[in-house]
Asker: 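One structure coming up, written as structure tokens, with questions to follow.
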Amino acid sequence: MTTYLAPVRDMHFVINELADLRAVAALPGYEEVTPDLTAAVLEEAAKFAGEVLAPLNKLGDERGASWTKDGVVAAEGFGAAYRQFVDNGWNALSGDPEHGGQGLPNVLAAAAVEMWNSANMAFALCPLLTAGAMEAIKAHASSELKNRYLPRLVSGDWTGTMNLTEPQAGSDLSSIRTRTVPEGDHYRIHGQKIFITWGDHDMADNVVHLVLARLPDAPEGTRGISLFVVPKFLVNADGSLGVRNDVHCTSIEHKLGIHASPTCVMTFGDKEGAIGYLVGKANHGLAHMFTMMNEARQKIGLQGLGIAERAYQAARDYAKERIQGRSTGQKSGDRVTIIHHPDVRRMLLTMKSQIEAMRAFGYVLAADIDFAERHADSAERRHRQARVDLLTPVLKGWCTELGVEIASLGVQVHGGMGFIEETGACQYLRDSRIAPIYEGTTGIQAGDLVGRKLAIDSGRAIRTLVDEMRKAEADLSAVGSNELGIIREHLTEAVDALEQATGWMLQTIGRDPDVALAASVSYMMLTGYVCGGWQMARAGLAAKAKSGSDSDEAFRRAKIATAQFYAEQILPKTIALARIIRSGASTGATLQTEEF
């Protein structure tokens with residue numbers, strides 16, 4: 001199996017040249033974020049991912065987590081790795097300094113999230129959910145709850161979970177039945193939740209569940225849902241752990257992939273009732289939970305990037321080693337490694353170019369979060385937040401769909417050996433398949449983009465985005481380079497397609513929502529491809545601007561070539577998608593249910 005090596009050089013390039021580290025470092029609280037600090041964090045994270053997490057990936061896949069009557073036991077080696085993760089401060093990387101975090105920018109944390117998921121996606125899910133729990137508690141809980149739980153969650157001594165789904169309520173949270181009754185300063189909770197990632201384990205001293213439930217007088221539907229903190233072990237006034245709460249994992253699922261990440265069925269209140277504490281306002285729980293959900297969706301988008309990168313590395317290394325056939329352009333007729341074959345190069349460049357587009361898109365959006373949280377100008381904060389709100393469902397949906405596609409291409413590059421578990425290519429495909437499903441399926445992300453984010457401001461945020469893309473077109477024209485001219489030509493066509501599709505969507509969503517929603521996934525994918533093309537164009541510009549200046553000339557030459565490949569081979573998909581969108585998937589409505 002391929003040894004994972006984080007693409008630190010490209011991460012540096014994207015953070016500095018595209019996400020504008022200098023501007024991020026000028027934000028209040030980030031003054032100490034220098035290029036040297038960034039380089040040190042990336043290098044150490046790459047070392048931890050490659051040397052500690054990656055070697056456990058296949059072992060975790062083969063053996064998985066296991067359920068016992070006393071609780072879930074993590075896969076072999078995971079507990080020790082998690083302790084190293086916590087002791088080295090990785091869990092606290094972007095945590096609030098008020099509660100013991102390092103307070104580093106989201107854009108730097110995004111690179112770390114990519115590395116953890118590339119190295120070991122099953123492991124990475126545990127701190128990913130903890131980060132979401134921290135955000136929800138920080139944003140909505142009382143000072144007492146923040147002080148009780150945040151320091152231990154930030155450090156990673158305790159982990160967090162998200163408890164939404166129930167057997168009868170998949171994505172339809174209006175039908176959840178978990179109930180709760182007040183009792184003094186706390187509540188007693190009864191119910192069952194399913195598909196709870198890392199819902200129980202033995203890697204940390206406590207597991208802090210964020211649980212959606214209904215109060216006795218709650219109205220029907222999503223307006224009657226409240227959010228509660230429910231710890232595995234109750235916490236004493238001095239912060240020490242008390243007695244075991246009435247919450248238990250009653251089974252774990254047997255899954256296609258991520259075997260080392262326990263997916264738990266959680267039972268609350270099997271006896272006297274699980275003790276929980278209200279977070280925020282009663283009956284506002286779904287809105288509060290969306291703070292955690294949006295945090296998770298951003299990181300799941302980066303997860304799609306991470307697993308794609310791992311699949312690409314395996315395919316690239318195999319292609320450089322596997323000798324088969326002869327090169328058509330080689331006179332000697334000697335057998336060659338398969339990377340010399342045109343179709344293998346096509347597949348590898350398809351993988352590489354889209355990964356670099358995903359990375360640029362994801363990191364730049366993470367920087368937008370930093371600006372939205374800390375910029376001194378309130379108008380700029382609102383502008384950046386509107387961008388984050390608009391593009392988070394695109395990041396989650398587009399990057400996870402591409403993660404599956406790229407992992408599948410990785411199997412294809414391996415040929416027959418890709419279908420054999422020993423190469424590892426199978427695992428990346430199996431692991432990647434969950435990402436377009438959990439934290440809201442691709443269809444849910446697309447519906448959110450079209451039905452809420454696009455409509456809420458009548459398209460103002462996306463028009464602003466298109467204006468910025470048009471500026472990149474002008475910058476490409478001004479350089480006078482043949483390669484950049486080709487990129488500009490294809491980018492212009494893609495932005496035109498996005499603009500036309502957006503106009504159709506805005507006209508249609510109010511008049512006939514079902515028609516618009518039928519085309520929403522195509523619209524989301526189109527938006528993703530164009531955002532990726534925009535960032536690849538910016539990358540080409542940045543690489544061209546520094547050509548011949550230092551020893552990184554080979555890297556910059558490859559960056560421009562990869563950006564050109566993306567423009568020529570990937571961006572034309574947007575023209576077809578725009579045509580599909582304008583059809584509104586109309587034929588899908590013509591079949592009667594029994595005709596399917």
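Just the heavy atoms: all of them, side chains too, but no hydrogens, waters or symmetry mates, feed the values below.
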Asker: Ignoring hydrogens, what is the shortest heavy-atom contact between Val230 and Gly276? Give both atom names and the distance.
Answerer: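 Closest pair (atom of Val230, atom of Gly276, distance): CG2-CA, 4.0 Å.
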Asker: Does Arg244 qualify as a cation-pi partner of Phe233, given the criterion of NZ or CZ under 6.0 Å from the six-membered ring centre and within 45 degrees of its axis?
Answerer: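 Relative to the ring axis of Phe233, which defines the angle, Arg244 lies inside both limits.
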Asker: Donor-acceptor pairs under 3.5 Å, side chain of residues 119-140 to any protein atom, not counting sequence neighbours: which ones?
Answerer:
residue: Asn120; atom: OD1; partner: Phe123; partner atom: N; Å: 3.1
residue: Asn120; atom: ND2; partner: Leu53; partner atom: O; Å: 3.1
residue: Thr130; atom: OG1; partner: Cys126; partner atom: O; Å: 3.1
residue: Thr130; atom: OG1; partner: Gly160; partner atom: N; Å: 3.0
residue: His140; atom: ND1; partner: His288; partner atom: ND1; Å: 3.3
residue: His140; atom: NE2; partner: Thr291; partner atom: OG1; Å: 2.7

Asker: So do Met11 and Arg359 actually touch side chain to side chain, heavy atoms under 4.5 Å?
Answerer: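 Answer yes - side chains close enough.
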Asker: Test your reading of the model: is there a side-chain donor-acceptor pair from Asp370 to the backbone of Asn106, 3.5 Å cut-off?
Answerer: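 Yes.
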Asker: Which value, rounded to the nearest 0.5 Å, describes the distance between Met524 atom CE and Lys396 atom NZ?
Answerer: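 The NZ atom of Lys396 is 9.0 Å from CE of Met524, to the nearest 0.5 Å.
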Asker: So, do Ile406 and Met358 sit near enough that their side-chain heavy atoms are less than 4.5 Å apart?
Answerer: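 Side-chain contact under 4.5 Å: yes.
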Asker: Closest approach of Ser251 and Cys249, non-hydrogen atoms and distance?
Answerer: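 For Ser251 versus Cys249, the nearest heavy atoms are O-SG, 3.2 Å.
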Asker: How about Glu272: does its CD atom have over 12 heavy atoms from other parts shown lying under 6.0 Å from it?
Answerer: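 Atom CD in Glu272 is crowded, with more than 12 foreign heavy atoms closer than 6.0 Å.
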Asker: State, with a plain yes or no, whether a side-chain heavy atom of Leu145 is found less than 4.5 Å away from one of Leu278.
Answerer: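 Contact flag for Leu145/Leu278 side chains = no.
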Asker: Would you say the side chains of Ser155 and Asp157 form a donor-acceptor pair under 3.5 Å?
Answerer: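 Present: a donor and an acceptor within the cut-off.
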Asker: Evaluate the side-chain proximity of Val113 to Gln303: yes if any heavy-atom separation is below 4.5 Å, no if none is.
Answerer: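 Side-chain contact under 4.5 Å: no.
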Asker: What pair of heavy atoms forms the shortest contact from Asp200 to Gly71, and how long is it?
Answerer: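 Here Asp200 and Gly71 meet closest at OD2-CA, 3.3 Å.
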Asker: Report the C-alpha separation of His209 and Phe268 in whole Å, then their side-chain angles, then the decisive distance to 0.1 Å, and conclude whether the ring pair (Phe, Tyr, Trp, His ring centres under 6.0 Å) test is met.
Answerer: CA-CA 10 Å; His209 304 287; Phe268 296 84; 5.8 Å; yes
Asker: Look at the side chain of Ser261 and the backbone N and O of Ile258, then say whether any donor-acceptor pair between them is shorter than 3.5 Å.
Answerer: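 Here the side-chain-to-backbone pair does not exist.
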Asker: Within a strict 4.5 Å, meaning less than it, do heavy atoms of the Ile194 and Glu166 side chains meet?
Answerer: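 They are not in contact (no side-chain heavy atoms under 4.5 Å apart), so the answer is no.
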Asker: For the residue pair Trp90 and Trp116, categorise the inter-ring angle as parallel (less than 30°), tilted (30 to 60°) or perpendicular (more than 60°).
Answerer: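 Ring orientation, 0 to 90° scale: perpendicular.
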Asker: CD1 of Ile196 to CD1 of Ile252: how many Å apart, nearest 0.5 Å?
Answerer: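 So the gap between those two atoms works out to 13.5 Å.
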Asker: Pro35 versus His12: any side-chain heavy-atom pair under 4.5 Å?
Answerer: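 Pro35 vs His12: side chains apart.
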Asker: Any ion pair linking Asp377 and Arg381 (charged N to carboxylate O, less than 4.0 Å)?
Answerer: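 Asp377 and Arg381: not salt-bridged.
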Asker: Taking CZ in Arg177 as the centre, count heavy atoms belonging to other residues, nucleotides or ligands within less than 6.0 Å. Is the count above 12?
Answerer: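 Open.
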Asker: Is there a donor-acceptor contact under 3.5 Å from the side chain of Asn245 to the main chain of Ala274?
Answerer: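 Such a contact is absent between Asn245 side chain and Ala274 backbone.
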Asker: Examine distances only and state if a side-chain atom of Thr441 and a backbone atom of Ile437 form a donor-acceptor pair shorter than 3.5 Å.
Answerer: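 No.
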Asker: Can Asp61 and Arg430 be counted as an ion pair, charged N to O under 4.0 angstrom?
Answerer: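 Salt bridge present between Asp61 and Arg430.
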Asker: Listed by chain and number, what are the side chain to side chain contact (heavy atoms under 4.5 Å, CB included) partners of Pro393, not counting sequence neighbours?
Answerer: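 Partners of Pro393 under the side chain to side chain contact (heavy atoms under 4.5 Å, CB included) test: Gln445, Asp448, Leu449, Lys453.
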Asker: Please report whether the ring centroid of Tyr187 lies less than 6.0 Å from that of Phe228.
Answerer: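 Centroid separation for Phe228 and Tyr187: below 6.0 Å.
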Asker: With a 4.0 Å cut-off, would you call Glu439 and Arg297 a salt bridge?
Answerer: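 No, this pair does not count.
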Asker: Assess the side chains of Tyr4 and Glu51: does a donor N or O sit below 3.5 Å from an acceptor N or O?
Answerer: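 Distance-only check fails for Tyr4 and Glu51.
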Asker: Do His186 and Glu183 have side-chain atoms, one donor and one acceptor, less than 3.5 Å apart?
Answerer: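 Looking only at side-chain atoms, Glu183 and His186 do form a donor-acceptor pair, the distance falling under 3.5 Å.
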Asker: Check side chain to side chain contact (heavy atoms under 4.5 Å, CB included) between Thr250 and all other residues, then give those that pass, not counting sequence neighbours.
Answerer: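 For Thr250 the side chain to side chain contact (heavy atoms under 4.5 Å, CB included) partners, ignoring immediate neighbours, are Val265, Thr267.
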Asker: Hey, could you give me the OG1/CG distance between Thr165 and Leu212, rounded to the nearest 0.5 Å?
Answerer: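 Output value for this atom pair is 9.0 Å.
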Asker: Report the C-alpha distance between Ser118 and Glu309 in whole Å, list the side-chain angles of each, state the deciding distance to 0.1 Å, and finish with yes or no for side-chain hydrogen bond (donor to acceptor under 3.5 Å, both in side chains).
Answerer: CA-CA 6 Å; Ser118 277; Glu309 172 66 33; over 6 Å; no
Asker: Output yes when a side-chain donor or acceptor of Arg214 lies under 3.5 Å from a complementary backbone atom of Gly221, and no otherwise.
Answerer: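 Yes; at least one donor-acceptor contact below 3.5 Å.
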Asker: Would you say CZ of Arg223 has more than 12 non-hydrogen atoms from neighbouring residues, nucleotides or ligands within 6.0 angstrom?
Answerer: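 Open: at most 12 neighbouring heavy atoms sit under 6.0 Å from CZ of Arg223.
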Asker: Is a side-chain donor-acceptor pair under 3.5 Å present for Asn294 with Gln298?
Answerer: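 On atom types as modelled, these side chains do not qualify, holding no pair under 3.5 Å.
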Asker: Could you check whether Trp198 and Thr161, counting side-chain N and O atoms only, form a donor-acceptor pair closer than 3.5 Å?
Answerer: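 No, because no side-chain N or O of Thr161 sits under 3.5 Å from a partner of the opposite role on Trp198.
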Asker: Taking Arg384 for its side chain and Ala372 for its backbone only, find out whether a donor-acceptor pair lies under 3.5 Å.
Answerer: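 Judged by distance alone, no pair lies under 3.5 Å.
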Asker: To check you understand the geometry: which heavy-atom pair defines the closest contact between Ala311 and Ala407, and what is its length?
Answerer: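 Minimum heavy-atom separation between Ala311 and Ala407: CB-CA, 3.8 Å.
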Asker: For a side-chain hydrogen bond (donor to acceptor under 3.5 Å, both in side chains) check, start with the C-alpha distance between Thr68 and Asp70, then their side-chain angles and the critical distance, and finish with the verdict.
Answerer: CA-CA 5 Å; Thr68 75; Asp70 297 318; 4.8 Å; no
Asker: More than 12 heavy atoms of other residues, nucleotides or ligands under 6.0 Å from CD1 of Ile456: is that the case?
Answerer: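 12 or below, so no.
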Asker: Less than 6.0 angstrom from the centroid, inside 45 degrees of the normal: does Arg148 satisfy that with respect to the ring of Tyr277?
Answerer: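 So Arg148 does make the cation-pi contact.
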Asker: Any chance you could lay out the salt bridge (Lys or Arg N to Asp or Glu O under 4.0 Å) test for Glu295 and Lys299, step after step, and finish with the verdict?
Answerer: CA-CA 7 Å; Glu295 167 81 13; Lys299 287 182 167 57; 2.3 Å; yes
Asker: Hey, what do you get for NE2 (His99) to CG (Leu150), rounding to the nearest 0.5 Å?
Answerer: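 Nearest 0.5 Å value for the NE2-CG distance: 4.5 Å.
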Asker: Looking only at non-hydrogen atoms, find the nearest pair between Gly60 and Ala75 and report the distance.
Answerer: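 Residues Gly60 and Ala75, closest heavy atoms: CA-CB, 4.1 Å.
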Asker: Check the surroundings of atom CD in Glu32: do more than 12 heavy atoms from other residues, nucleotides or ligands lie under 6.0 Å from it?
Answerer: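 No - once you tally the heavy atoms of other residues, nucleotides and ligands closer than 6.0 Å, there are 12 at most.
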Asker: Restricting to non-hydrogen atoms, name the atom on Asp202 and the atom on Ala74 that form the minimum distance, rounded to 0.1 Å.
Answerer: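 So the minimum-distance heavy-atom pair works out to OD1-N, 3.0 Å.
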Asker: Flag the pair Lys255 and Asp431 as a salt bridge only when some basic side-chain nitrogen lies within less than 4.0 angstrom of an acidic carboxylate oxygen.
Answerer: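 Salt bridge flag = no for Asp431 with Lys255.
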Asker: Between CD1 of Ile176 and CD1 of Ile225, what distance do you get to the nearest 0.5 Å?
Answerer: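 Reported value, rounded in 0.5 Å steps: 4.0 Å.
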Asker: Under 4.5 Å between any side-chain heavy atoms of Thr159 and Tyr82, yes or no?
Answerer: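 They are in contact (side-chain heavy atoms under 4.5 Å apart), so the answer is yes.
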Asker: Counting distance only, does the side-chain N/O of Asn91 pair as donor-acceptor with the main-chain N or O of Leu153 below 3.5 Å?
Answerer: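 Answer holds: yes.
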Asker: If only side-chain N and O atoms count, and only distance matters, is there a donor-acceptor pair under 3.5 Å linking Thr178 with Gln192?
Answerer: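 Side-chain D/A pair, Gln192 to Thr178: absent.
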Asker: Enter the distance from Met293:CE to Ile300:CD1 here, rounded to the nearest 0.5 Å.
Answerer: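 Interatomic distance, Met293 CE to Ile300 CD1, rounded to 0.5 Å: 12.0 Å.
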Asker: Short question: side chain of Asp246, backbone of Lys271 - any donor-acceptor pair under 3.5 Å?
Answerer: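 Yes, the answer is positive, given that a donor and an acceptor are paired below the 3.5 Å cut-off.
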Asker: Kindly say whether Gly397 contributes a backbone atom to a donor-acceptor pair with the side chain of Thr400 at under 3.5 angstrom?
Answerer: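 Here the side-chain-to-backbone pair exists.
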Asker: Would you check if Val208 and Val229 make a side-chain contact, meaning some heavy-atom pair closer than 4.5 Å?
Answerer: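 Heavy-atom side-chain distance check passes, below 4.5 Å.
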Asker: Within the 3.5 Å criterion, strictly below it, is a donor on Thr34 or Asp36 matched to an acceptor on the partner's side chain?
Answerer: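 Thr34 vs Asp36: no donor-acceptor pair found between side chains.
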